[in-house]
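A short worksheet on the structure shown next.
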Amino acid sequence: MHFRAAHVDGAGRKARSRRRGLLGAAVLAAGAAMPAGAVITTVSDSGGVYAISLRVGSLTGIDTVAFSVTGNNVALTPTAVTGSQTIDVSVTPIRPTTSSSTARPVTLKVDSLAGLPCQSGGCGSTIIPFSQISWVASNNGAAATGDIQNGRFNDTNNQQIASFNANATFCSFPLIIFCLGYTYQSNAMNATRLQFSYDNDVIYPAGNYKGTVRFTASME
């Protein structure tokens, strides 16, 4: 997911920043991360038995979250700037029919290490750290269920923002014969919505900044 920041000079002070963000990849077990050309990537093992799907944002294209820091936001007492759009994140692990209740841990991590380097506008080699961006999560489950909660990027390449077990759901019919052929399903993260906000509490050189955050989902 791409993030952009734009600084505009104002009233004798250099404007604060804004940002936008891009998205991720999906990984199965210990496999290598695979780039997401658009929004969704599914990776499965050689037998097609286990799989995991990750979606960040729209079904097509690449979403960009923008933060505009102009006008009153460049004042001596600026306020945080809300991103231009919300981003939905879904993680769906798939397990085969099984009689085992062994959990398969699923984790969702983000890489925000690179920050938002200056692209144009006279900001030179300045890089805005992603830790200036936080989010509020909605349409989510409780922390105890492993869904994404409110948080902020921490400028690392392996920040874990969600974790849950892909437990199988078992047939509950009293006679086991009725359960033959039953399709077992896994826990999943369904369209948790993130609203991003830029702190706007540090003065950066005027210009346009752009950075990318990579999301990676994995199942052990």
Roughly how far, to the nearest 0.5 Å, is [atom2] of [Y] from [atom1] of [X]?
X      : Y      : atom1 : atom2 : value
Ile133 : Ser112 : CD1   : OG    : 9.0 Å
Met189 : Asp88  : CE    : CG    : 11.5 Å
Phe215 : Ile148 : CZ    : CD1   : 6.5 Å

Selection residues 110-143 - residue pairs positive for disulfide (SG to SG under 2.5 Å), sequence neighbours left out: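 Passing the test, one end in residues 110-143: Cys118-Cys123.
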Write down the atom of [X], the atom of [Y], and the distance for their closest heavy-atom approach.
X      : Y      : answer
Ala80  : Ser197 : CB-OG, 3.6 Å
Leu194 : Ala137 : CD2-CB, 3.9 Å
Gln149 : Ala143 : NE2-N, 3.3 Å
Met219 : Pro93  : SD-CB, 3.6 Å
Ser131 : Asp199 : O-OD2, 3.9 Å

After noting the C-alpha distance and the side-chain angles of Ser163 and Thr107, does the key distance pass the side chain to side chain donor-acceptor pair (under 3.5 Å) rule? CA-CA 4 Å; Ser163 177; Thr107 58; over 6 Å; no
Any sub-3.5 Å donor-acceptor pair from [X]'s side-chain atoms to [Y]'s backbone N or O?
X      : Y      : answer
Gln159 : Asn154 : yes
Asp111 : Leu113 : yes
Arg55  : Val89  : no
Asp155 : Phe130 : yes
Ser134 : Arg152 : no
Asn150 : Val136 : no
Arg193 : Gln195 : no
Asp147 : Asn140 : no
Trp135 : Phe153 : no

Tell me, with the steps shown, if Asp63 and Ser58 meet side chain to side chain donor-acceptor pair (under 3.5 Å). CA-CA 7 Å; Asp63 293 272; Ser58 307; 2.9 Å; yes
Which is it for Ile87 and Val56 under the side-chain contact (heavy atoms from CB on, under 4.5 Å) test, yes or no, and what are the steps along the way? CA-CA 7 Å; Ile87 298 294; Val56 182; 3.7 Å; yes
Determine whether Thr145 and Phe164 satisfy the following criterion, side-chain contact (heavy atoms from CB on, under 4.5 Å), listing intermediate values before the conclusion. CA-CA 6 Å; Thr145 65; Phe164 60 91; over 6 Å; no
Tell me which one of Asn165, Asn187, Ile52 satisfies side chain to side chain contact (heavy atoms under 4.5 Å, CB included) with Val106.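 Option passing the side chain to side chain contact (heavy atoms under 4.5 Å, CB included) with Val106: Ile52.
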Sole residue of Thr216, Val213, Thr156 in side chain to side chain contact (heavy atoms under 4.5 Å, CB included) with Val110: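 Of the listed options, the one satisfying the test is Val213.
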Show, in sequence, the C-alpha distance, side-chain angles and deciding distance for Leu108 and Leu54, and conclude whether the side-chain contact (heavy atoms from CB on, under 4.5 Å) test is met. CA-CA 9 Å; Leu108 178 63; Leu54 166 65; 4.1 Å; yes
Working note: Gln132 + Asp201, criterion side-chain contact (heavy atoms from CB on, under 4.5 Å); need CA distance, chi angles, decisive distance, verdict. CA-CA 8 Å; Gln132 289 285 306; Asp201 61 356; 2.9 Å; yes
Could you check Ser120 against Asn208 for side chain to side chain donor-acceptor pair (under 3.5 Å), going step by step and ending with a plain yes or no? CA-CA 5 Å; Ser120 62; Asn208 294 289; 3.3 Å; yes
With hydrophobic residues grouped by side-chain heavy-atom distances under 4.5 Å, do Val202 and Ile127 end up in a single group?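 As far as the 4.5 Å side-chain criterion goes, Ile127 and Val202 are not connected within one cluster.
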